[in-house]
K.L.:
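Submitted below is the structure of interest, expressed as structure tokens.
In what follows, every chain begins at residue 1, and chains take the letters A, B, ... in the order their sequences are listed.
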Amino acid sequence: MERTLNKDAVACIGKTITVKGWVNSRRDHGGLIFIDIRDHTGILQLTIQPESGETFKLAEGLRDEFVIAATGEVKERADDLKNKNIETGGIELFVKELIILNKSETPPIQVNSQQTINEESRLKYRYLDLRRPKMQQMLRHRAEMYRRMHAYMDERDFIEVTTPILANSSPEGARDFLIPSRMHPGKFYALPQAPQQFKQLLMVGGVPRYYQIAPVFRDEDPRADRLYGEFYQLDIEMSFVEDGEEVRTLMEPLIENLVTDFAHKKLLFEKTPRIPFEEAMDTYGSDKPDLRYGMKLVDLSASLKDCGFGVFTNAIKEGGVVKAIRVENGDSLSRSQIDNFTEKAKREGAGGMPYMTVENGVATSSIAKFFKEDELKDITAKMEAKDGDLIVFGSDKRAVVNKVLGALRIQFANHFELRDPNVIALCWIVDFPFYEWDEKNKKIDFGHNPFSMPKGGLDALNVEDKLSIYADQYDMVMNGYEICSGGVRNHNPDVLYEVFNILGFDKAYVEEKFGGMLNAFKFGAPPHAGCAFGVDRMLMELVGEDNIREVVAFPKNGSGMDLMMNSPTSIEDAQLKELGVKKI
RNA sequence: GGGCUUGUGGUGUAGAGGCCUAACAUGCCUCCCUGUCACGGAGGAGAUCGCCGGUUCGAAUCCGGUCAAGCCCGCCA
């Protein structure tokens, strides 16, 4: 007699085996009882006959989700009794001995049901939810992805180093989770928003290739593609790298392989394209474009600068642009659907949503009367529009138009179901501007990460137009989701001082704020670069989920609560006192 | 912080001023059943329709507020 998993029972015909698992369902025929026993490998039918005496009596009392062990002989079923729908449908276990290892109350959510269950209930009873085959598969998918990541990095001589979870509050970026220090009342640790500083210090510490699948913590509002509180990154960093392209070419085969070999999906591009940030913004209205569909933004300013439509000409006169996207077969949209899209456009900052449809080879609409015939022809030609297409315009400052049309592009793609779930489009967004114009405060500010290396180093910082400086920084985008962010780091103290000096911060400020890292850089920091992949988000897209909580065992809900464990919780006064924390 | 959507037996849904003493499916309980596989059959229990207030002769249904959830904006690498 040996212990066997359900799926392995198929190979045990004629043998006596023991299986253990949960009661998935019970079919009691009065004189004959069938039990489907479930483990993580699937379902196996147990057959209990009245001749088994005590065992039969025990089986009559079984209910869903009881935990049982059954011992008996595996027999092949007669041909007409085989169930082709399940893997073990050709056999059954004739039970001689049955042990109830634990009972179960009637479960609040049905494990064996196909019904979609309210997420709130699923999270409250996550341990039941996790018993469902789909969730079991998810957990195993995740483990398999981790395994591949470890193997890939190990093969390339990266070593895994764990970095502190009790770390420091960081000045940039998201809101911190703070941990009061008992030994230093009034002082706090912070949970790391990324292992960024530690991994750079590892480079200084002579570790040339580091990686870690690291938990990171951010106290920001969640979204469907953004977990609350904590998530995981495949975090890597390598020394003696001065060009981000080296990191990109090293890492992209891993991701491409995960797409084809792990997720069994098609890569849209044989060679993952590099798209400069500004081109992405201009062409797709987004720094994380979904490239599975077209609908590129086309600049029509040159054609329309003298047209009769004041909305357009005024925008151009004030230094703005007129751009448009072509929605294939978009004239099938109803008036109210158009109104819905118009609402969306307005929410993104547009004044309205002018549009034309194409009939008999030329654009037309209620606003067509403002345009000369050759202007309409020009629009049609530049948009490469065919009969039945919808042309949607945006006119304003360039940034506003890009934002509006970029958002509409996504909305139209959703509506017309242009996102092929079996295809993965990867791209790298490169050349992020180092500085950006802050419209609110009317001054220049850091575009993204002040610690990445300006392209061209110290010399490049001397240019007149600081907005023309680029950072050697890059994001990887998968089907419209940012799944990786990285950069060549600024390892040179002089460059770091100058980068801040341009914004008016002096040496003393930099030293006070970033002294720890700056000190290290004074003692022979090698040039280095790296990146971090969002593991959860990548897995979500690879397995075709549209909510990131579906690929996490125990996610928090939208208001940051764990409904199962009831966290966060209140704390005893005595405990607060010990930590030197005053109650509000 | 703001916007949109949703809230009805344990679970998933229907009902959209009087057909509601709230329907259906599933689950649960009792009984019957020796080849089912989401077994089947008979019977039964289970819901103050998220909460508070208002309109009305009459509210699950309309209105106001409130709470909760999901999505989005803000925020966030």
K.L.:
May I ask you to evaluate whether A/Arg226 reaches the phosphate of B/C71, defined as a side-chain N or O under 4.0 Å from OP1 or OP2?
P.N.:
no
K.L.:
Rounded to the nearest Å, what distance is computed from the CG atom of residue A/Leu32 to the P atom of nucleotide B/U34?
P.N.:
9 Å
K.L.:
Check whether the ring centres of A/Phe412 and A/Phe341 lie less than 6.0 Å apart, and answer yes or no.
P.N.:
yes
K.L.:
Please tell me whether A/Phe500 and A/Phe514 form a close aromatic pair, meaning their ring centres lie under 6.0 Å apart.
P.N.:
yes
K.L.:
From NZ of A/Lys124 over to C1' of B/G10, roughly how many Å is that when rounded to an integer?
P.N.:
12 Å
K.L.:
Regarding A/Glu92, tell me which of base, sugar-phosphate or nothing describes its non-hydrogen contacts under 4.0 Å with the strands shown.
P.N.:
base
K.L.:
By nearest heavy atom, map A/Leu563 and A/Phe432 onto RNA chain B; which one lands nearer the 5' end?
P.N.:
A/Leu563
K.L.:
Reckon A/Glu65 touches a base, only the sugar-phosphate, or nothing at all at heavy-atom distances under 4.0 Å?
P.N.:
nothing
K.L.:
Which one, B/G35, B/A68, B/G74, comes nearest to the side chain of A/Lys403?
P.N.:
B/G74
K.L.:
Can you tell me how far P in B/U21 sits from the matching atom in B/U6, rounded to whole Å?
P.N.:
26 Å
K.L.:
Nearest to the side chain of A/Ile117 - B/U11, B/G74, B/C72?
P.N.:
B/U11
K.L.:
Give, for atom SG of A/Cys484 and atom OH of A/Tyr474, the distance between the pair rounded to the nearest 0.5 Å.
P.N.:
7.5 Å
K.L.:
In plain terms, say whether A/Asp290 and A/Arg419 are close enough for a salt bridge, that is, a side-chain N and a carboxylate O under 4.0 Å apart.
P.N.:
no
K.L.:
Tell me the partner of B/U56, counting only Watson-Crick (N1-N3 plus N6-O4 or O6-N4) or G-U wobble (N1-O2 and O6-N3) with both under 3.5 Å; none if nothing fits.
P.N.:
none
K.L.:
Between A/Tyr210 and A/Phe158, does the ring-ring contact (aromatic ring centres under 6.0 Å, His included) criterion hold? Intermediate values first, please.
P.N.:
CA-CA 5 Å; A/Tyr210 142 93; A/Phe158 283 75; 8.5 Å; no
K.L.:
Can you name the atoms? Protein N/O to nucleotides 38-46 of chain B N/O, anything below 3.5 Å, with the distance.
P.N.:
from  : atom 1 : to      : atom 2 : distance (Å)
B/C39 : OP2    : A/Ser25 : OG     : 3.4
B/C39 : OP2    : A/Arg27 : NH1    : 2.8
B/C39 : N4     : A/Asp28 : O      : 2.6

K.L.:
Students often get this wrong, so: under 4.0 angstrom with heavy atoms, is A/Asn118 touching a base, only sugar-phosphate, or nothing?
P.N.:
sugar-phosphate
K.L.:
CG of A/Asn557 versus P of B/C71: gap in Å, rounded?
P.N.:
10 Å
K.L.:
Over all strands shown, is A/Arg347 touching base, sugar-phosphate only, or nothing at heavy-atom distances under 4.0 angstrom?
P.N.:
nothing
K.L.:
So which nucleotide does B/U48 pair with, by the Watson-Crick or G-U wobble rule with both distances under 3.5 Å?
P.N.:
none
K.L.:
Does A/Asp475 reach a base, just sugar-phosphate, or nothing at all? Heavy atoms under 4.0 Å.
P.N.:
nothing
K.L.:
Tell whether A/Arg77 reaches the base of B/U36 with its side chain through a donor-acceptor pair below 3.5 angstrom.
P.N.:
yes
K.L.:
Is A/Lys96 salt-bridged to A/Glu54, cutoff N-O under 4.0 Å?
P.N.:
no
K.L.:
What does A/Met561 touch in the nucleic acid at a heavy-atom separation under 4.0 angstrom: a base, only the sugar-phosphate, or nothing?
P.N.:
sugar-phosphate
K.L.:
How is A/Gln110 classified with respect to the nucleic acid when contacts are heavy atoms under 4.0 Å: base, sugar-phosphate, or nothing?
P.N.:
base
K.L.:
When you compare B/C4 with B/G9, how far apart are their C1' atoms, in angstrom units rounded to a whole number?
P.N.:
29 Å
K.L.:
Check whether any side-chain N or O of A/Asn547 sits under 4.0 Å from OP1 or OP2 of B/C71, and answer yes or no.
P.N.:
yes
K.L.:
Do A/Asp36 and A/Ser25 have a side chain donor and acceptor closer than 3.5 Å?
P.N.:
yes
K.L.:
What integer number of Å spans the C1' atoms of B/C19 and B/G58?
P.N.:
14 Å
K.L.:
CG of A/Leu46 versus P of B/G35: gap in Å, rounded?
P.N.:
18 Å
K.L.:
Rounding to an integer number of angstrom, what distance separates B/C57 and B/G17 when you compare their C1' atoms?
P.N.:
12 Å
K.L.:
Between atom OG1 of A/Thr106 and atom CZ of A/Arg63, what is the distance when rounded to the nearest 0.5 Å?
P.N.:
8.5 Å
K.L.:
OP1, OP2 of B/C73 versus side-chain N and O of A/Arg223: anything below 4.0 Å?
P.N.:
yes
K.L.:
Hey, which sits more toward the 5' end of RNA chain B by its nearest nucleotide, A/Lys288 or A/Asp225?
P.N.:
A/Asp225
K.L.:
Return the nucleotide paired to B/G43: Watson-Crick means purine N1 to pyrimidine N3 with N6-O4 or O6-N4, wobble means G-U with N1-O2 and O6-N3, both under 3.5 Å.
P.N.:
B/C29
K.L.:
Check whether the ring centres of A/Phe432 and A/Tyr470 lie less than 6.0 Å apart, and answer yes or no.
P.N.:
no
K.L.:
Rounding to a whole Å, what distance do you find between A/Met540:CE and B/C71:C1'?
P.N.:
14 Å
K.L.:
If we take the C1' atom in both B/A22 and B/G46, what is their distance in whole Å?
P.N.:
14 Å
K.L.:
Base, sugar-phosphate, or nothing: which does A/Arg549 touch, judged by heavy atoms less than 4.0 Å apart?
P.N.:
sugar-phosphate
K.L.:
When you get a sec, tell me which of B/G35, B/G70, B/C71 is the closest nucleotide to the side chain of A/Ala224?
P.N.:
B/C71
K.L.:
Any Lys/Arg nitrogen of A/Glu60 or A/Lys57 sitting under 4.0 Å from an Asp/Glu carboxylate oxygen of the other?
P.N.:
no
K.L.:
With both distances under 3.5 Å as the test, what is the Watson-Crick or G-U wobble partner of B/A23?
P.N.:
B/U13
K.L.:
Answer with base, sugar-phosphate or nothing: what part of the nucleic acid does A/Pro50 contact at a heavy-atom distance below 4.0 Å?
P.N.:
base
K.L.:
Categorize A/Tyr232 for me: base, sugar-phosphate, or nothing, with a 4.0 angstrom heavy-atom threshold over every strand shown.
P.N.:
nothing
K.L.:
Go ahead and name the base partner of B/A68; Watson-Crick or wobble counts if both distances stay under 3.5 Å, otherwise write none.
P.N.:
B/U6
K.L.:
What's the gap between B/A23 and B/A38 when it is taken at their C1' atoms, as a whole Å value?
P.N.:
23 Å
K.L.:
Could you give the distance separating B/C51 and B/U8 at their C1' atoms, to the nearest angstrom?
P.N.:
14 Å
K.L.:
What integer distance in Å separates A/Arg132:CZ from B/G12:C1'?
P.N.:
13 Å
K.L.:
Between B/A60 and B/U48, how far is it from one P atom to the other, in whole Å?
P.N.:
13 Å
